[in-house]
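The structure appears below as structure tokens.
Throughout, residue positions are numbered sequentially from 1 according to the sequence presented.
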Amino acid sequence: MTPEQLQSIAFRWFETFNNKELEKLLSLYDDEAEHFSPKLKIHQPETNGLVIGKEAMRTWWQDAFDRLPSLYYKVKSLTANSDRVFMEYIRQVENEDDMLVAEVLEVRNGKIISSRVYHG
């Protein structure tokens with residue numbers, strides 16, 4: 001894929017996430033995709049921060065949308081090559097400090113196969 005195609009996937013990811021369109025968000029992922037996040041490790045310690053498959057991601061994100069109705073990601077930068085996009089964004093939640101986040105989406109055949117979140 002071209003970097004422009006990968007950036008397009010990333011912009012759709014932000015749009016669907018910020019609009020809480022869970023099924024559209026999940027449609028960007030491969031059925032067996034993996035998602036790693038330090039927040040997962042905190043809220044679901046049994047996962048050790050990693051969930052695999054759309055059902056596990058659906059459960060995780062629905063919980064986040066329910067717990068944090070004001071959750072919003074503001075894009076700072078996107079950098080893409082032939083198979084991944086590096087995203088920097090600001091996590092904003094009402095009554096919480098903003099948090100700078102980095103996330104890598106690995107893409108194969110037009111679907112996200114892996115997403116890894118990094119923050120302090």
Side-chain angles (χ1 to χ4, degrees):
M1 296 186 73
T2 67
E4 293 77 20
Q5 290 170 316
L6 290 172
Q7 285 185 335
S8 176
I9 290 170
F11 281 122
R12 284 198 312 272
W13 188 94
F14 280 107
E15 179 182 0
T16 59
F17 192 96
N18 285 332
N19 290 328
K20 318 274 187 293
E21 297 174 306
L22 185 54
E23 294 309 313
K24 286 184 181 180
L25 176 65
L26 289 167
S27 75
L28 300 172
Y29 284 81
D30 181 82
D31 289 343
E32 300 303 317
E34 298 182 357
H35 177 69
F36 174 82
S37 169
K39 292 283 187 188
L40 252 169
K41 198 171 187 174
I42 293 167
H43 292 283
Q44 295 179 8
E46 70 281 4
T47 67
N48 205 27
L50 177 69
V51 290
I52 299 171
K54 286 184 180 183
E55 276 309 308
M57 287 186 278
R58 177 182 285 112
T59 300
W60 168 240
W61 284 320
Q62 187 62 62
D63 176 65
F65 294 157
D66 292 345
R67 280 185 296 108
L68 306 166
S70 66
L71 178 62
Y72 185 84
Y73 293 160
K74 182 178 176 183
V75 181
K76 288 196 51 96
S77 72
L78 298 174
T79 304
N81 62 21
S82 62
D83 65 350
R84 63 190 53 153
V85 183
F86 177 80
M87 310 185 307
E88 284 185 295
Y89 54 91
I90 298 172
R91 177 187 180 272
Q92 298 176 320
V93 175
E94 191 174 296
N95 298 319
E96 291 186 20
D97 291 337
D98 288 355
M99 177 186 296
L100 183 59
V101 179
E103 184 161 352
V104 177
L105 303 178
E106 188 175 346
V107 180
R108 185 178 306 135
N109 299 322
K111 295 286 186 181
I112 301 166
I113 61 167
S114 158
S115 50
R116 295 179 306 279
V117 179
Y118 304 92
H119 54 71

Item to check | Residues Asn18, Tyr89; criterion side chain to side chain contact (heavy atoms under 4.5 Å, CB included); working and verdict | outcome: CA-CA 12 Å; Asn18 285 332; Tyr89 54 91; over 6 Å; no
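- When all heavy atoms are compared, the tightest approach of Ala80 to Pro3 is CB-O, 3.5 Å.
- Hydrophobic clustering (side-chain heavy atoms under 4.5 Å, transitive across Ile, Leu, Val, Met, Phe, Trp, Tyr) keeps Tyr72 apart from Phe17.
- Counting all heavy atoms, side chain and backbone alike, Ser37 lies closest to His35 at CB-NE2, 3.8 Å.
- Rounding to the nearest 0.5 Å gives a distance of 5.0 Å between OG1 of Thr16 and CG of Leu28.
- Following chains of ILVMFWY side-chain contacts shorter than 4.5 Å, one can reach Val93 starting from Val117, so the two form part of one hydrophobic cluster.
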Next on the checklist: Walk me through whether Glu21 and Arg12 qualify under side chain to side chain contact (heavy atoms under 4.5 Å, CB included).
Outcome noted: CA-CA 11 Å; Glu21 297 174 306; Arg12 284 198 312 272; over 6 Å; no
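- Residue-environment remark: NZ (Lys74) stays at or below the threshold of 12 foreign heavy atoms within 6.0 Å.
- Residue pairs that meet the salt bridge (charged side-chain N to carboxylate O under 4.0 Å, His left out) test with at least one member in residues 37-55, sequence neighbours left out, are Asp31-Lys54, Glu55-Arg58.
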Donor-acceptor contacts under 3.5 Å from residues 60-71 side chains, at least two apart:
unit_1: Gln62; atom_1: NE2; unit_2: Asp66; atom_2: OD1; d: 2.9
unit_1: Asp63; atom_1: OD2; unit_2: Arg67; atom_2: NE; d: 2.8
unit_1: Asp63; atom_1: OD2; unit_2: Arg67; atom_2: NH2; d: 3.4
unit_1: Ser70; atom_1: OG; unit_2: Glu94; atom_2: N; d: 2.8

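- Going from atom CD1 of Ile112 over to atom CG of Asp30 covers 10.0 Å, rounded to the nearest 0.5 Å.
- Annotation: side chain of Leu100 is in contact with side chain of Lys76 (closest heavy-atom distance under 4.5 Å).
- Taken from CD in Gln7 to CG in Leu105, the straight-line distance is 11.5 Å, to the nearest 0.5 Å.
- Legend: salt bridge (charged side-chain N to carboxylate O under 4.0 Å, His left out) pairs involving residues 77-93, not counting sequence neighbours, sorted by first then second residue: Arg84-Glu106, Arg91-Glu96.
- From Tyr29, atom OH reaches atom CH2 of Trp13 across 6.0 Å, with rounding to the nearest 0.5 Å.
- Smallest separation of non-hydrogen atoms from Leu40 and Gly49: CD1-O, 3.5 Å.
- Atom CG of Asn81 sits about 7.0 Å away from atom CG of Leu6, to the nearest 0.5 Å.
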Item to check | Test side chain to side chain contact (heavy atoms under 4.5 Å, CB included) applied to Met1 and Ile9, step by step | outcome: CA-CA 11 Å; Met1 296 186 73; Ile9 290 170; 3.7 Å; yes
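- Counting non-hydrogen atoms of neighbouring residues, nucleotides and ligands closer than 6.0 angstrom, the CG atom of Asp98 exceeds 12 such neighbours.
- Here Met57 contributes atom CE and Leu26 contributes atom CG; the two are 6.5 Å apart, rounded to the nearest 0.5 Å.
- Residues Phe36 and Met99 do not share a hydrophobic cluster, defined by chaining ILVMFWY side chains whose heavy atoms lie under 4.5 Å apart.
- For the pair Met87/Val75, no side-chain contact is recorded, criterion being any heavy-atom separation below 4.5 Å from C-beta on.
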